[in-house]
Amino acid sequence: MNVKIEQTPYKIYPNTFLQNVVVVMGLEGNVTGEQKQNIPVDRLRTFLLDNFGFVLPEGETRDFASLSNEDLGLNFQFYSDKTSLRVNCKNYQSFEATIMPLVYKLRAYVREVLERDSVDYVKIRKVNMFPFQLPKQYDEAIYGQMMHHLLNNDLLNSPSDGFEQIANGQTSLERHLIEDDKYVFTIKTGVIKASDRDDVCVVILDTSSRSKNTVRIALTEIEENIRQQNLRMFDLFRWAVSDAVTDVMEIEPDNKAQENEDSL
């Protein structure tokens with residue numbers, strides 16, 4: 001998809017439709033179909049104890065490790081060639097407040113377990129979901145109508161780069177690829193049925209960015225690189241959604257509105 005994503009002044013909205021944020025640091029080199037390599041278990045054991053207080057049983061070998069905290073909505077994953085953090089909306093405040101204080105754990109894994117001082121790429125993924133209620137009488141045209149109401153028409157009307165079938169999908173998930181000089185962006189859009197209500201559907205906006213691996217990213221510069229990449233993800237989101245979405249995101253919660261009235 002040939003489009004230029006303009007820079008937008010960054011802001012934190014009072015409301016969000018964000019469901020999940022994922023940050024990945026990775027190394028290139030694994031060939032598709034190649035058997036996964038084991039993580040150096042001694043270094044992994046030391047890392048997990050020092051950074052999480054988790055004791056890995058002696059003698060275990062593994063090509064994957066995962067630690068989760070359901071109360072905080074956090075999940076860390078560790079491989080022989082990458083590491084990732086996923087945060088759900090449960091306790092999410094902002095990228096800077098919620099994600100950035102945890103980046104050092106990913107950086108420490110790359111340095112202490114993989115014994116690298118740089119990574120080949122960073123990937124950020126954000127999933128937004130916009131619910132809407134179905135009228136008593138409707139046909140399938142409503143799915144496209146709601147997508148065009150909530151998302152950028154230039155995005156939806158452009159030729160897709162692929163389709164995916166998803167669980168509870170009322171439409172297939174349509175994929176679009178966009179590039180700039182530093183990142184490759186992937187945008188996926190579609191409609192699914194809400195899991196808890198038969199009369200509610202959800203428009204999905206699944207966006208991700210991956211840094212181009214023309215130059216390795218030094219671990220000493222990883223935080224600043226992630227911050228800059230997140231700003232481009234914000235630009236991508238603002239371009240991909242309609243004013244109908246940002247208008248709702250601008251609405252102050254009732255308690256904030258009351259506070260503002262009391263301060264007048």
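Contact check on Glu174 versus Lys188 returns no salt bridge, with no Lys/Arg side-chain nitrogen under 4.0 Å from an Asp/Glu carboxylate oxygen. Using a cut-off of 4.0 Å between Lys/Arg side-chain N and Asp/Glu carboxylate O, Glu28 and Arg116 are scored as not salt-bridged. In summary, Asp235 and Arg232 engage in a salt bridge, as defined by a charged side-chain N under 4.0 Å from a carboxylate O. Under the 4.0 Å criterion applied to side-chain N and carboxylate O atoms, Asp120 and Arg216 are assigned as salt-bridge partners. The pair Asp206-Arg125 counts as a salt bridge, with a side-chain nitrogen and a carboxylate oxygen less than 4.0 angstrom apart. Classification of Glu96 and Arg227 as a salt-bridged pair holds, one side-chain N sitting under 4.0 Å from a carboxylate O. Contact check on Arg43 versus Glu112 returns no salt bridge, with no Lys/Arg side-chain nitrogen under 4.0 Å from an Asp/Glu carboxylate oxygen.
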Exercise. After noting the C-alpha distance and the side-chain angles of Arg175 and Met1, does the key distance pass the side chain to side chain contact (heavy atoms under 4.5 Å, CB included) rule?
Worked result: CA-CA 10 Å; Arg175 184 173 66 252; Met1 182 177 177; over 6 Å; no
Problem set entry | Test log, rule side chain to side chain contact (heavy atoms under 4.5 Å, CB included), inputs Ile204 and Phe130 | CA-CA 7 Å; Ile204 295 176; Phe130 312 106; over 6 Å; no
For this session: List the steps and the verdict of side chain to side chain contact (heavy atoms under 4.5 Å, CB included) for Ser208 and Ile124.
Result: CA-CA 5 Å; Ser208 63; Ile124 299 176; over 6 Å; no
Exercise. Could you go step by step and tell me if Lys90 and Leu72 meet the side chain to side chain contact (heavy atoms under 4.5 Å, CB included) rule?
Worked result: CA-CA 7 Å; Lys90 190 172 184 178; Leu72 297 178; over 6 Å; no
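Pairing each heavy atom of Thr171 with each of Gly190, the nearest pair is OG1-CA, 3.4 Å. For Tyr109 against Ser80, the heavy-atom pair with the smallest separation is OH-N, 4.4 Å. Closest approach of Arg45 and Pro57 over heavy atoms only: NH2-O, 3.2 Å. Contact record, Ile192 with Ala167: CG2-O, 4.0 Å, taken as the closest heavy-atom pair. Of all the heavy atoms in Leu27 and Val119, the pair that sits closest is CD2-CA, 3.9 Å.
Counting heavy atoms of neighbouring residues, nucleotides and ligands inside a 6.0 Å radius, atom CG of Asp161 exceeds 12 of them. More than 12 non-hydrogen atoms from other residues, nucleotides or ligands lie less than 6.0 angstrom from NZ of Lys11. The number of heavy atoms from other shown groups lying within 6.0 Å of CG (Asn157) is above 12.
Remark: the backbone N or O of Glu70 is not paired with any side-chain donor or acceptor of Ser68 at under 3.5 angstrom. Of the possible donor and acceptor atoms, one in the side chain of Gln229 sits under 3.5 Å from a partner among the backbone N and O of Val122. A donor-acceptor contact shorter than 3.5 Å is absent between the side chain of Arg86 and the backbone of Phe76. Distance alone, capped at 3.5 Å, is enough to place a donor-acceptor pair between the Asn15 side chain and the Ile251 backbone. No donor-acceptor distance shorter than 3.5 angstrom exists from the side chain of Gln93 to the backbone of Asn91, with no hydrogens or angles considered. Of the possible donor and acceptor atoms, none in the side chain of Lys123 sits under 3.5 Å from a partner among the backbone N and O of Ser84. Using modelled atom types, one side-chain atom of Lys105 and one backbone atom of Asn51 make a donor-acceptor pair closer than 3.5 Å. In this structure a side-chain-to-backbone donor-acceptor pair under 3.5 Å is present from Ser94 to Ala97. Remark: the backbone N or O of Val184 is not paired with any side-chain donor or acceptor of Ser209 at under 3.5 angstrom. For Thr98 (side chain) and Phe95 (main-chain N/O), no donor-acceptor pair under 3.5 Å exists by modelled atom type.
Looking only at atom types and distance, the side chain of Ser66 has a donor-acceptor partner in the side chain of Asn75 under 3.5 Å away. Defined by atom type and a distance below 3.5 Å, a donor-acceptor pair is present between the side-chain atoms of Asp199 and Gln133. A donor-acceptor contact closer than 3.5 angstrom is absent between the side chains of Thr186 and His176. For the residue pair Tyr79 / Gln77, a side-chain donor-acceptor distance below 3.5 Å is found, with atom types taken as modelled.
With hydrophobic clusters built from ILVMFWY side chains whose heavy atoms lie under 4.5 angstrom apart, Phe78 does not share a cluster with Leu49. Hydrophobic clustering (ILVMFWY, side-chain heavy atoms < 4.5 Å, transitive): Val248 and Leu205 are in one cluster. No path of Ile, Leu, Val, Met, Phe, Trp and Tyr side chains, each step under 4.5 Å between heavy atoms, connects Leu67 with Val22, placing them in separate hydrophobic clusters. Clustering ILVMFWY residues whenever any of their side-chain heavy atoms sit less than 4.5 angstrom apart, transitively, puts Leu151 in the very cluster that holds Tyr13. Ile99 and Phe52 fall within the same hydrophobic cluster, where Ile, Leu, Val, Met, Phe, Trp and Tyr residues are linked whenever their side-chain heavy atoms come under 4.5 Å apart, directly or through other members.
Atoms NZ and CZ, from Lys126 and Phe234 in turn, are 8.5 Å apart once rounded to the nearest 0.5 Å.
Ring pair Phe185/Tyr183 is tilted by interplanar angle, where 30° to 60° counts as tilted.
Looking only at side-chain heavy atoms (C-beta outward), Ile187 and Ile178 come within less than 4.5 Å of each other.
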